[in-house]
Amino acid sequence: MPELPEVETIRKQLQERIVGKKLNGKRITAVRRRAKLLIIDFVDGSSLVFHLKLTGQLLFNAQPSRYTRKVFVFDDGAQLVFNDLRKFGWWKKVKSFKEIEEKLGPEPLTLTLTVFRSRLVKRPKAKIKPLLMDQRFIAGIGNIYADEILFASQVQPIRRAGGLSLVEIKAIFQNIKKVLKAAIKAHGSSSQHYLDARGKKGQYVRYHKVYRRTGQKCPRCASLIRRIKMGGRSAHFCPQCQK
DNA sequence: ACAATATCCTGCGAGC
DNA sequence: TGCTCGCAGGATATTG
């Protein structure tokens with residue numbers, strides 16, 4: 001799916017466009033994001049929650065296509081179109097968002113080094129890449145940004161959390177924020193299906209250093225980028241300058 | 001505790 | 001042209 005930066009981009013755009021409108025008679029008070037979830041809040045405290053998974057799109061005032069699964073119509077006639085080629089995405093109405101909140105780890109952008117370290121210490125045997133993608137450990141990072149964060153930190157994806165030095169932990173911590181913020185600035189990564197609420201592509205693919213660059217030169221040391229399988233997902237890294 | 005696999009679903013490009 | 005294979009931004013359940 002859209003990972004944190006993509007959902008955050010959609011959130012900002014929808015916030016500007018739909019707050020104050022009514023959906024099914026209820027006024028919208030806010031558009032929030034938690035991890036990779038998009039949340040539309042209503043005046044009565046209830047929420048409409050979306051998860052876009054791999055191929056979901058939320059388009060404002062777009063024409064429905066063959067992949068449109070749902071069209072939400074606002075009181076003024078504006079529309080929110082939910083498209084999803086692979087049908088993994090979902091939406092649901094909840095009385096309170098707390099029902100969903102419980103299972104999620106901390107938000108990457110407000111995470112502190114102390115919290116990050118204390119959570120790593122509890123999982124010494126776990127490999128760092130699956131850990132970064134584990135939504136209970138830290139919520140919002142997926143395959144693209146896990147690879148890019150580890151490249152920026154010069155740490156290989158197969159490293160065990162317990163074997164990381166303090167310098168490496170700090171680097172990963174800082175790069176989580178740095179990479180995600182830069183990606184938000186670029187409106188996310190449109191590697192394949194992602195479009196923002198305006199139907200436009202994100203530009204962060206330009207800055208990808210390793211993700212889907214197998215066999216190309218590492219921008220730091222010119223070694224060839226390698227791809228390995230980790231738990232059914234691809235991990236991309238530089239075998240030379242990531243230790 | 002951790003790893004690997006299957007699963008939901010559809011499409012695309014590569015190779016034969 | 002048409003087939004099969006592998007791949008695809010997620011997350012969960014199951015099994016070892």
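The sequence lines fix the lettering, A, B, ..., with proteins before strands; numbering per chain opens at 1. Source: prediction; values computed, not measured. Heavy-atom basis, side chains included; hydrogens, waters and symmetry copies ignored.
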Expressed in angstrom and rounded to an integer, what is the separation of [X] atom [atom1] from [N] atom [atom2]?
{"X": "A:D134", "N": "B:dA1", "atom1": "CG", "atom2": "P", "value": "12 Å"}
{"X": "A:I144", "N": "C:dC7", "atom1": "CD1", "atom2": "C1'", "value": "14 Å"}
{"X": "A:Y67", "N": "C:dA8", "atom1": "OH", "atom2": "P", "value": "19 Å"}
{"X": "A:R119", "N": "B:dA1", "atom1": "CZ", "atom2": "P", "value": "14 Å"}
{"X": "A:N83", "N": "B:dT10", "atom1": "CG", "atom2": "P", "value": "15 Å"}
{"X": "A:I128", "N": "B:dA3", "atom1": "CD1", "atom2": "P", "value": "12 Å"}
{"X": "A:W90", "N": "C:dT12", "atom1": "CH2", "atom2": "P", "value": "10 Å"}
{"X": "A:L52", "N": "C:dA11", "atom1": "CG", "atom2": "P", "value": "11 Å"}

Of all the nucleotides listed ([options]), which has the minimum atom distance to the side chain of [X]?
{"X": "A:K229", "options": "B:dC2, C:dA8, B:dA3", "value": "C:dA8"}
{"X": "A:L85", "options": "B:dA3, B:dG11, B:dC9", "value": "B:dG11"}
{"X": "A:R66", "options": "C:dA8, B:dC2, B:dG11", "value": "B:dG11"}
{"X": "A:K36", "options": "B:dG11, C:dA11, C:dA8", "value": "C:dA11"}
{"X": "A:R227", "options": "C:dA8, B:dA3, B:dG11", "value": "C:dA8"}
{"X": "A:L54", "options": "B:dT10, C:dA8, B:dC2", "value": "C:dA8"}
{"X": "A:R136", "options": "B:dC2, C:dA8, C:dT12", "value": "C:dT12"}
{"X": "A:S234", "options": "B:dC2, C:dA8, B:dG11", "value": "C:dA8"}

What contact category does [X] fall into here, base, sugar-phosphate, or nothing, at under 4.0 angstrom with non-hydrogen atoms?
{"X": "A:G231", "result": "base"}
{"X": "A:Y145", "result": "nothing"}
{"X": "A:S189", "result": "base"}
{"X": "A:R69", "result": "nothing"}

Does a salt bridge link A:R198 with A:E16, judged by any charged N lying under 4.0 Å from a carboxylate O?
->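 No salt bridge links A:R198 with A:E16.
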
Are the charged groups of A:R159 and A:E168 less than 4.0 angstrom apart, N to O?
->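 Result for this pair is yes, salt bridge flagged.
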
Mark yes or no: [X] above the aromatic ring of [Y], with NZ or CZ under 6.0 Å from the six-membered ring centre and no more than 45 degrees from the axis.
{"X": "A:R34", "Y": "A:F97", "result": "no"}
{"X": "A:R220", "Y": "A:F151", "result": "yes"}
{"X": "A:K26", "Y": "A:F42", "result": "yes"}

Using atom C1' of each nucleotide, how far apart are C:dC3 and B:dC8 to the nearest Å?
->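 Comparing C1' positions in C:dC3 and B:dC8 gives a spacing of 25 Å.
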
When you compare C:dT1 with B:dT10, how far apart are their P atoms, in angstrom units rounded to a whole number?
->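 Going atom to atom, P in each nucleotide, I get 24 Å.
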
For B:dT10, does either OP1 or OP2 sit under 4.0 Å from a side-chain N or O belonging to A:K87?
->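 Yes, such a contact exists.
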
Are any of A:R160's side-chain N or O atoms less than 4.0 Å away from OP1 or OP2 of B:dA3?
->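 Yes, because at least one side-chain N or O of A:R160 sits under 4.0 Å from OP1 or OP2 of B:dA3.
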
Is A:F88 stacked on the base of B:dC8, with ring centres under 5.5 Å apart and planes under 30° apart?
->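 The ring of A:F88 is stacked on B:dC8.
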
Base of B:dA1 paired with side chain of A:R123 (donor-acceptor, under 3.5 Å) =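 For A:R123, whose side chain was compared with the base of B:dA1, there is no donor-acceptor pair (under 3.5 Å).
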
Upstream residue (5' side of DNA chain C) when A:Q135 and A:R86 are each assigned their closest nucleotide =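 Its nucleotide being nearer the 5' end, the pick is A:R86.
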
Is there a Watson-Crick or G-U wobble partner for C:dA8 with both distances under 3.5 Å, and if so, which one is it?
->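 C:dA8 is paired with B:dT10.
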
What class does the angle between the rings of A:F82 and A:F50 fall in, given that below 30° is parallel, 30 to 60° is tilted and above 60° is perpendicular?
->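 The arrangement is parallel - the two ring planes meet at less than 30°.
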
A:R226, CZ atom: more than 12 neighbouring heavy atoms under 6.0 Å |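 Counting other residues, nucleotides and ligands, CZ of A:R226 stays at 12 neighbours or fewer.
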
